[in-house]
Structures are given as C-alpha cells and as structure tokens.
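Below: the structure, in structure tokens.
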2 protein chains.
Amino acid sequence: MRLEQITIKDIARELNVSTSTVSRALKDYPGISDETKRKVKELAEKMDYRPNAIALSLRKSRSFTIGVIIPEVVHFFFSTVISGIEEVAFARGYNVILTQTNEKLVREKSSIATMLSNQIDGVLVSFSKETTDFEHFSNLLAKGFPIVFFDRVPDIDNAITVTVDDYSGAFEATKHLLQQGYRRIAHLSGPSNLKISQERARGYTDALIHHGFTPDPGFIVECNKGTDDEAQKITAEILETFSTKPDAFFANNDMAAVGAMLACKAAGLRVPEDVGIVGFSNWQFCSMIDPSLSSVSQPGFNLGAKATEILLDLIEKKIQLGEYSNSVVLETELLIRKSSVR
Amino acid sequence: MRLEQITIKDIARELNVSTSTVSRALKDYPGISDETKRKVKELAEKMDYRPNAIALSLRKSRSFTIGVIIPEVVHFFFSTVISGIEEVAFARGYNVILTQTNEKLVREKSSIATMLSNQIDGVLVSFSKETTDFEHFSNLLAKGFPIVFFDRVPDIDNAITVTVDDYSGAFEATKHLLQQGYRRIAHLSGPSNLKISQERARGYTDALIHHGFTPDPGFIVECNKGTDDEAQKITAEILETFSTKPDAFFANNDMAAVGAMLACKAAGLRVPEDVGIVGFSNWQFCSMIDPSLSSVSQPGFNLGAKATEILLDLIEKKIQLGEYSNSVVLETELLIRKSSVR
DNA sequence: ATCGTCACCGCAATCGTCTGCATTAATTTT
DNA sequence: AAAATTAATGCAGACGATTGCGGTGACGAT
C-alpha cells in the first residue's frame, strides 16, 4: 500500500504532548523546554520522521518546486542546460519538475497549466518552435509570477531572459571563415520565428558587411528541423542548383553542419580545402568527426545555472523584478577545428 | 506576490452555495441539480478555476508525481530514456520530478529522501556507479513502495527491473568481430560493480568461448569513467605494453570506442583494416565519425516508456507485485558500420 | 492571601479539497 | 392530512503541518 509515513501526530501521541509542541520542538522554537525538545527530537529520529512536504506546501502556498519547460531532452545543449538547472536547484533545496514539449505549442500550454495546478514556485521556459504568441505566459508575467526564459526567449520587454550571445558567436564564426579566405559563405539558418535564429543570421550578415561584403539574401537558407538529414538534402540541392556555389557553410547548429559536410563530401568536395564549415553548439561529436568540426560553443550548464539562480532569487524575493538587467547574455566561444582551416 | 489562484471557496461564495456542492458539481456527482451543476461549471470556467493539486495530494495521499533518479542527464542514452519516461507519464497525467546523482551515492540517498517527503507515488531508478549496497531502496521495497529499476539495476530478487539485453548485444558484437576475421579482441569494460558492465563482459567472453577461443582475462581492461580521453590513454597503453597486441576493441560504450579509435589512429593503425572497433549505445555521432562506428543500439526511449508503464500500473494497482515477470529485457541491435568491416 | 511574572504548553484555525452523514424542502403515497 | 419517500444541499471532519493566542501551574513578591 501507500507508504505509511510517520507524522507529527504519531510523535505527539507517543509522547503525550500536543502536535504544536512537537512542531515547535523540532524547529527549536523558544518556549519549549530543553527536556521536551530532546525527547521529541530523539523520537523523531528513532521513528524516522520526515515532514510531509505536501502539507507544508499547502500551508505555506509554496512548493519548493520549479518547473522546466523545454523543447526536447534528447539534445546535447538542452541536456547540459538541464544539468545546470538541476544542480543549482538541488543545492538550494528545490525540486525540478520537467516537461518536454516536443516543439508543440499545445503541450507547452498544457504543461504550464498542470504545473500551476501543482503550485510550482516559478518556471524556466524555452519555447517550442511553434510558439509565436506569448499570451499563455504574458498574463502570468502580469500577475508577477516568477518566470525566467532561457535560450529561446520572447521578444517582449518585461520578460527576464538568459541567453547566450548568439549574435557575436555567429559574427565570430563568419569572420573566421572570411579570414580563412572563404568568400561565398552560405548560412543554413534555423526557424525564422526563433530569436536565436534571427540573431545568428544577423551576426552572419553583419560580419559580412563589416568586412566589406554584400550579403546575398539567397545565401541564407532555412533548415527548419535542424537535422543532419534535412541539411544534407538542402545542401545537396544548393550545390546543384545555385549558379554561384558557396565555398563555405555556417550552420545554425552542429547537426546541420554535419549534414552539410556529408553533402559536400558526397559532391566530391573536400573539407576544408574546397569548402569550409562551422557549426553551432559544440556538441560532443564535434571533436570526433573527420574533419573535426569548428563550432561555436554555448555555455549550456552555466546558462541553466544562471537562469535558475535568477529564478530562485526572484522567488525568494532576494531581488525584485527589474533589479537585474532584464536580459543576461552569456558569452559564446568559437572553437576552431579542422573543418574551417585551410 | 504569489499567484492568487481561484479556489472552490470563491466559486461557492459567489454562488451562495457550499464548497461541497461546488466540489460535487464539478465532478458530476449525483444528487446535484443540473441547474446548479451548470452554474458552477460556467463560473468555474469563467473564473479560470484550476484545482489545487497540492490540496488534492494531501487529501488523497497521492501526488500524481513520479520521481526519476538518474546518474547524469548529459548522456545520450539517458536522455532518450528520460524522453520515453516523460512521454508516458505525461500521457497518463503524471508529473516527473527529475534528479541526477552525478554518480554520487549521497545524492542518490538525499534525492530519494526529498522525493519521499514530497509524497511521490513511485520512483524510477538507475544506480550511480558508487552504489554497491541497496539498503536505501530495500526497505522501501519491503514496505511495498512502487519502484522500478532500469538499466543499472540491483541484483536482488524481488526488484522489478527493465533492462536492455546487454549480454546478447555484447555477444553479437563480439561474434561479428570474429566473423570479420579479428582474432585478438580486447574488451574495454565498464565499472565492474555495475551489472550492465558484467553482462557485457559476459557476452563478450561467452562469444569467444562459443566460437572456440579461449578468453584472456588480461584482454578485459576496465575503463571506469567511460570518457573518450580515458579510453584513449588506456588504449595507447595497451598498444604499447601488451606483448600480443589486440586487433580489435569491443568497448563498453561509444565514447570509449571513439577513444580507442583515436588511440589506434595515433599509433598509425588503420581502422578497420588493422583494427576493428565496436561500441555500445549507438550515440548519434556514430554515423558521423570517420570511419563510422559500429555499435550496439539500445532502445532508450522504449526502455523509459516501458519502465514508466510498469511503474504506473503498479501505482494504480492495475498489476500486483510479481504479476509481471520481475525483469523485462528489451532487445538490442547490432548496427554494423565501417569501423568493424574489412 | 493575593497578584504578577514567567516558562511551558495546548487549542483551534488555517491552507484547498473531498465525503460520510445529516438536514431541509419538495413531492408522492396512503 | 399525515406520513413516507426523494432530491438537493450543507455541516463538519479529515489530510499534515504551522502559529497566534490563550491557558495552566509554579514561584516569588507584596
């Protein structure tokens, strides 16, 4: 059957005192004799008493639980973020309820609903690709409910966001390709409704302009799913149909970069001699493939940790809304490997 | 401030009825007039009422939450398992509380403690590498608390376990290497206290015996951490110091396999011509590296899903302890790629 | 003998929901 | 018209813990 947990009542009965006394004794309240405290604590220890967190939550309207809404768990970057979240939450005594949306808006909505019903103290959110309006969050924000957005963030003013510097990561990657002598750099972009995709595309474009080149909008091709298969097909198509062929690819993510690399190899092009490739996220496999893949590394763990710290500070009122600059941006780092150096 | 949720009291006050009536009306209990039901439901809808799951948990001693204790999140296999868990739990209306132990026993213990304190209905567990005694679980099991172990499971009779067929995966992998003509196959094993490591080593050994070879215990080398760096060092050492050099490596996991591959390449050996390599887990990168890595794929998603189904069935008393055969074993599949075919 | 002080402790309400057992009013039966 | 039945609803206690407030007894002071 259900686990029969020891309650404060059991201790009270055993000791012939009231539950109030037990409660206060356990918490070292004044007004309880040392003798009583000792007896209560001893018995509690002996009976292996553990406070019922549910009852506490009800009483305090606090659950010491935070929710995490994430597009998908099976994703190197997101899993490192989760790891960071979990680490900080655990250290500060909070539980983590996790749901993945599988990039579906309906699941995002229903997840937030059941989480609220479970009285979570706050929530960390990274949007699904489908999410274009933020209504289901904005009314929560308006009520002052603690929300911190990370990575995939909304473009509204009063939201607290933690992101990585996608713009400068993309800028540096593109600049690096230019410095290596690549001239016709294509960009395999992500879904255009995501701010991160926009930022990366903007970094790419600005880097070109900054170095005196004129960006060709046709050289930005959207890879919506972000899988290697998709990118492979798209790249193959580009290599076939474009009149001016790209001599480098800057991909929105590493999977797409690998897809591009495979397509190039299949087309008889050598990487990095004929074509340079740079990815984004620095998945584990980057250093394991041949040629090893240059990539922009995102501090996933730190991002998760930082977002959680801010959220918990908000929850515990250590900071007020607006005290932090609303958006925290963590630095990215371009890791240069073989795929982009000739 | 904290989110001011609408309660049934608010609805009751507004409608001049008792909370009991509201509660029953919302649940379509008999004995409530259709008129009242309609009014209550309408107002509940209008006020955006959501039942307080915490209060329900307290009342029912059920939280509709399951706990997941996992060594680490940033791990391809485990993240797919989590995905499977989350999927089934969500579909059946359960929340998932996640904690990672980072392979530490103390965190395993404290995680289970706070989870119990949060009145979880059951728990899914994969052990940390440090865990050698199961006391912190066995007394829970004795009390009939629903626990399902997966992947890294204890070796006790009354525990329900869901695993993949490590033995036959290892057997097939080794057999495949033998069939390709490799004769001096070394095994980079995992921590010997984990049953999965033992099973894989056993499959390896049995395959050798089955094909008429005498296993050399010295050819089983433990890679405790399971990282590519560690495996690279160990493999390099093997290649240097062993009098009979291995001509193939069957690794306990893919990271180790990659490490071995790198070490072989560094030693001037060609893969697969001089040395064959097979990994375990079929991480995403297997098909992306050069040469592509043969590996035993584990059905992570299915494993998570199956374990969760069993757990929820247990919780909901759809099945009794012992009704399932205590251990469910899912099939593995050897995926043959270039690293082991000459 | 009466009062005040102090240490120690218990009562009861509370958080939001559910539910067994009344209670009330309306309706039907005799 | 009185009694019995039925339908609709309310009361109150429970789940486990916390906490403001009031109560009890011992003790010393007056």
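Quick caveat: nothing in here was measured; it's all calculated off a predicted structure. Convention: sequence-line order gives letters A, B, ...; per-chain numbering from 1.
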Can you tell me the distance, in whole Å, between the [atom1] atom of [X] and the [atom2] atom of [N]?
X: Leu26(B); N: dG16(C); atom1: CG; atom2: C1'; value: 13 Å
X: Asp28(B); N: dA8(D); atom1: CG; atom2: P; value: 13 Å
X: Arg59(A); N: dT19(D); atom1: CZ; atom2: P; value: 6 Å
X: Ile6(B); N: dT17(C); atom1: CD1; atom2: P; value: 10 Å
X: Arg13(A); N: dC9(C); atom1: CZ; atom2: P; value: 19 Å
X: Lys9(B); N: dA13(C); atom1: NZ; atom2: C1'; value: 10 Å
X: Asp10(B); N: dC15(C); atom1: CG; atom2: P; value: 11 Å
X: Asp34(A); N: dC9(C); atom1: CG; atom2: P; value: 10 Å

Open item on the list: Tell me the bend of the helix from dA1(C)-dT30(D) to dT30(C)-dA1(D) as the angle between end helix axes, each from five pairs, rounded to the nearest 10 degrees.
Closed with: 90°
Can you find a side chain N or O atom of [X] that sits less than 4.0 Å from OP1 or OP2 on [N]?
X: Ser23(B); N: dT19(C); value: no
X: Tyr49(B); N: dT17(C); value: yes
X: Lys27(B); N: dC18(C); value: yes
X: Lys60(A); N: dT14(C); value: no

Open item on the list: Nearest heavy atom decides the nucleotide; on that basis, is Ser20(B) or Ile8(A) closer to the 5' end of DNA chain D?
Closed with: Ser20(B)
Open item on the list: Ignoring hydrogens and geometry beyond distance, is the side chain of Arg24(A) in donor-acceptor contact with the base of dG20(D) at under 3.5 Å?
Closed with: yes
- [ ] Assign Thr36(A) to base, sugar-phosphate, or nothing according to its heavy-atom contacts below 4.0 angstrom with the strands shown.
- [x] sugar-phosphate
TODO: Tell me what Pro51(A) touches on the nucleic acid: a base, only sugar-phosphate, or nothing, going by heavy atoms under 4.0 Å.
DONE: sugar-phosphate
Student check: side-chain heavy atoms of [X] and [Y] closer than 4.5 Å:
X: Tyr94(B); Y: Thr308(B); answer: no
X: Leu98(A); Y: Val68(B); answer: no
X: Leu314(A); Y: Ile160(A); answer: yes

Open item on the list: Test side chain to side chain donor-acceptor pair (under 3.5 Å) on Thr101(A) and Ser128(A); report intermediate values, then the result.
Closed with: CA-CA 7 Å; Thr101(A) 60; Ser128(A) 80; 5.0 Å; no
Closest to side chain of [X], choosing from [options]:
X: Thr7(A); options: dT19(D), dG16(D), dC15(D); answer: dG16(D)
X: Ala55(A); options: dA17(D), dA8(D), dC15(D); answer: dA17(D)
X: Leu58(A); options: dG16(D), dG10(C), dT9(D); answer: dG16(D)
X: Ser18(B); options: dT17(C), dT9(D), dG10(D); answer: dG10(D)

Open item on the list: Within the 3.5 Å criterion, strictly below it, is a donor on Ser20(A) or Ser23(A) matched to an acceptor on the partner's side chain?
Closed with: no
Open item on the list: Over 60° means perpendicular and under 30° means parallel, so tell me whether Phe127(A) and Phe149(A) are parallel, tilted or perpendicular.
Closed with: tilted
TODO: For Glu35(A), look at atom CD and say whether over 12 heavy atoms of other residues, nucleotides or ligands are found less than 6.0 Å away.
DONE: yes
Open item on the list: If the test is side-chain contact (heavy atoms from CB on, under 4.5 Å), which one of Ile315(B), Val123(B), Asp121(B) qualifies with Phe145(B)?
Closed with: Val123(B)
